[in-house]
Amino acid sequence: MLDMKLIRENFEETEQRLCSRGGSSYLDGFKELDEKRRALLKEGESLKALRNTVSDEIAKIKDKSQVQDKILEMREVSNRIKVLDEELKQVDEDLNGFLLTVPNLPHLDTPTGLSEHDNVEVRTWGSAPQFSFTAKPHWEIGEELGILDFECGAKLTGARFTLYRGAGARLERALINFMLDLHTGQHGYEEVLPPFLVNRESMTGTGQLPKFEEDLFKTVDPDFFLIPTAEVPVTNIHRSEILKKSDLPICYAAYTPCFRREAGSYGKDTRGLIRQHQFNKVELVKFAHPSESDQELEKLTANAEKVLQLLGLHYRVMLLCSGDIGFSAAKTYDIEVWLPGQSCYREISSCSTFGDFQARRASIRFREEEKSKPEFVHTINGSGLAVGRTLLAVLENYQQEDGSVIVPEVLRPYMGGIERIS
RNA sequence: GGAGAGGUGGCCGAGUGGUUUAAGGCAGCGGUCUUGAAAACCGCCGAGUGUAACAGCUCCGUGAGUUCGAAUCUCACCCUCUCCGCCA
């Protein structure tokens, strides 16, 4: 959520920066609602002040015959207040509902552009493996090895669900443990294991609601949502809290499955593990002091990259342009891993700073000084990494001519010493 | 699922219709005293909104209601705890 004051006082500039996302207007209607709200507030508050003082007087008057006039007068004032409060409530809801649908301001570092074609390559690591044979896509490798059963996933649930078997299931679990151990052991994150279902408030805090309900799976009774990323429960750990400045940055690493409807992507990435309704992810989440959030994003991105480096997987880092960043994000790096079976780079991690956008929605604050007013923290998060996509990257990059797959050395301790899946 | 108890500031906790501007305590901050510390004593000490700064207004789990006036009364809901039942 954007700061109302900022919009009020820098209307044109704010609108202009928002428009770099590609829309033609984002703040239409704000001024009218804001002015109406302030007018109602002013009138209502002065009547309440009157009521409070007169009520006090009534309490102090002993001679009850003198009280009747005042009571009658205040009855009318109260009725008027009731009407104003109702109008105000409506306007407040409208204004709040409006603000909740306005996306975040792009960070000044975010390049202006309309689509992914305007994203900027920041760096690359490693190089694509060379094969003396034609590299296969992971769905062929996985099916031939009997470790990925897409048909059975479809039978059990439907499209975009997969059954992992044997070494495939174990490799997924190995990757989860490897990533968690790295981030908690080497990078200073605290491991958390949150609920996979959350309430509406949590979803609103991080920005999935109210705008993107159609992307979420939900339960009917009670009204809960399956998390689309651990970002949601983990960021909401500190919802409505005032954190100690000395505790910042707070860094969490969490493994969770993620559930996404993928509405609107019918026919896209239908084969293999790329786009599933349920997938595993290790997520990194930080709560940082505003002056340190930029460098914390760099560190978090480096922490995610480290996973790929240790696995020996070639990748590139893209800085997303204003037209390609998500609704809540101010600045985003995508890490894209090389997939030889498909001869392309695919996103395997998305690392973003949200500025105070989520913190304002979820009311996550800190104090600069012991006695100073609470200020909003900055939130930062990124995948470290998407596990299913990492598994498929391992399959495609470590495939051998005979159809077997070499297990990267760092994963062998997690695989009971297995060096090759065949 | 059944029965009961309860939700008040960072924490503990009083408060059952009107000096409650939410008592008191703990923690925290500032000061006096002290070579320094502790103790003692004095003062400050919730959030939001709003203002140049005051003032004002709102907030006692959430929402609705009664009243001139609600932390306090009524209704609904949410959450926590205890016991019983069921259960990984």
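Note: hydrogens, waters and symmetry copies are ignored here, and every other heavy atom, side chains too, is used. To find a chain, count down the sequence lines: A is the first, B the second, and so on, and within it residues start at 1.
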Check your understanding: Nearest to the side chain of A:I58 - B:G18, B:G48, B:C57?
Key -> B:G18
Review point. In the structure shown, which nucleotide is the Watson-Crick or G-U wobble counterpart of B:C83, with both distances under 3.5 Å?
Key: B:G2
Review point. Would you say B:C68 has OP1 or OP2 under 4.0 Å from some side-chain N or O of A:R51?
Key: no
**Study point:** Distance in angstrom units between A:K89 NZ and B:U62 P, rounded
**Key:** 14 Å
Practice item. Calculate the interatomic distance between A:R360 atom CZ and B:A47 atom P; express it in whole Å. Key: 17 Å
Review point. Just by distance, with hydrogens left out, do A:Q358 and A:T379 show a side-chain donor and acceptor under 3.5 Å apart?
Key: yes
Check your understanding: Is the shortest side-chain N/O distance from A:K48 to OP1 or OP2 of B:C68 below 4.0 Å?
Key -> no
Exercise for review: Tell me what A:R365 touches on the nucleic acid: a base, only sugar-phosphate, or nothing, going by heavy atoms under 4.0 Å.
Suggested key: sugar-phosphate
**Study point:** For B:C33, the Watson-Crick or wobble partner whose two distances fall under 3.5 Å
**Key:** none
Revision key, fill the gap. For A:H238 and A:I364 the tightest heavy-atom approach is O-CG1, 3.4 Å
Check your understanding: For the side chain of A:R38, counting heavy atoms from C-beta on, which of B:G69, B:G50, B:U66 is nearest?
Key -> B:G50
Review point. A:R75 side chain: which of B:G50, B:C68, B:A47 is closest?
Key: B:C68
Exercise for review: Can you tell me, in whole Å, how much space there is between the P of B:U66 and that of B:A52?
Suggested key: 37 Å
Exercise for review: Tell me what A:K70 touches on the nucleic acid: a base, only sugar-phosphate, or nothing, going by heavy atoms under 4.0 Å.
Suggested key: nothing
Exercise for review: Apply salt bridge (Lys or Arg N to Asp or Glu O under 4.0 Å) to the pair A:E298 and A:K331, showing each step before the final yes or no.
Suggested key: CA-CA 11 Å; A:E298 299 301 322; A:K331 174 182 176 180; 3.7 Å; yes
Practice item. For B:A88 versus B:C79, give the span between their C1' atoms, rounded off to a whole number of Å. Key: 24 Å
Exercise for review: State the pairing partner of B:C68; accept Watson-Crick or G-U wobble contacts with both distances under 3.5 Å, and report none otherwise.
Suggested key: B:G18
Review point. Between atom CD in A:E43 and atom C1' in B:G50, what is the gap in whole Å?
Key: 17 Å
Check your understanding: In whole angstroms, how far is the P atom of B:U49 from the CG atom of A:L40?
Key -> 19 Å
**Study point:** Spacing of the P atoms in B:U58 and B:U19 (rounded, Å)
**Key:** 15 Å
**Study point:** Nearest-angstrom distance from the residue atom CG of A:L41 to C1' of B:U49
**Key:** 7 Å
Point to revise | Inter-nucleotide P distance (B:G69, B:C57), Å rounded | key: 15 Å
Review point. Is there side-chain contact between A:E140 and A:E144, with heavy atoms separated by less than 4.5 Å?
Key: yes
**Study point:** Proximity of A:F357 and A:F327 rings by center, below 6.0 Å
**Key:** yes
Review point. Should the ring pair A:H183 and A:Y189 be called parallel, tilted or perpendicular, given that the plane angle runs from 0 to 90° and is split at 30 and 60?
Key: perpendicular
Check your understanding: Counting just side-chain N and O atoms, does A:S78 come under 4.0 Å of either OP1 or OP2 of B:G69?
Key -> yes
Check your understanding: Which whole-number value in Å describes the distance from A:L47 CG to B:U58 C1'?
Key -> 15 Å
Revision key, fill the gap. Ranking B:G48, B:C57, B:G50 by distance to the side chain of A:E45, first place goes to B:C57
Review point. Rounded to the Å, how far apart are A:I71 CD1 and B:G18 P?
Key: 15 Å
Exercise for review: Have a look at A:K244 and say if it touches a base, only the backbone sugar-phosphate, or nothing, with a 4.0 Å heavy-atom cut-off.
Suggested key: nothing
Exercise for review: Looking at every strand, decide which applies to A:N52 at a 4.0 Å heavy-atom threshold: base, sugar-phosphate, or nothing.
Suggested key: sugar-phosphate
Practice item. For B:A37 versus B:C59, give the span between their C1' atoms, rounded off to a whole number of Å. Key: 42 Å
Study note, to complete from the structure: Result for 5'-nearest mapping on RNA chain B, choosing between A:I242 and A:K5, is A:I242
Practice item. Go through B:G50, B:C68, B:G56 for me and flag the one nearest to the A:S55 side chain. Key: B:C68
Review point. Is the distance from OP1 or OP2 of B:A47 to the nearest side-chain N or O of A:R367 less than 4.0 Å?
Key: yes
Exercise for review: With A:K31 as the cation and A:F11 as the aromatic partner, state whether NZ or CZ is under 6.0 Å from the six-membered ring centre and within 45° of the axis.
Suggested key: yes
Check your understanding: What interatomic distance, in whole Å, is found between P of B:G61 and the corresponding atom of B:A70?
Key -> 16 Å
Review point. What integer number of Å spans the P atoms of B:A23 and B:G10?
Key: 14 Å
Check your understanding: P atom, B:G18 versus B:A71: distance in rounded Å?
Key -> 11 Å
Review point. Using purine N1 to pyrimidine N3 plus N6-O4 or O6-N4 for Watson-Crick, or N1-O2 and O6-N3 for G-U wobble, both under 3.5 Å, which nucleotide pairs with B:C45?
Key: none
Practice item. With a 3.5 angstrom cut-off on both distances, give the Watson-Crick or G-U wobble partner of B:A76, or none if there isn't one. Key: B:U62
Exercise for review: Provide, to the nearest angstrom, the distance between the CZ atom belonging to A:R37 and the C1' atom belonging to B:G50.
Suggested key: 10 Å
Study note, to complete from the structure: B:G9 -> Watson-Crick or G-U wobble partner, both distances under 3.5 Å, gives none
Practice item. In sequence, state the C-alpha distance, the side-chain angles, and the governing distance for A:E73 and A:V54, and then conclude on side chain to side chain contact (heavy atoms under 4.5 Å, CB included). Key: CA-CA 10 Å; A:E73 193 188 334; A:V54 175; 5.7 Å; no
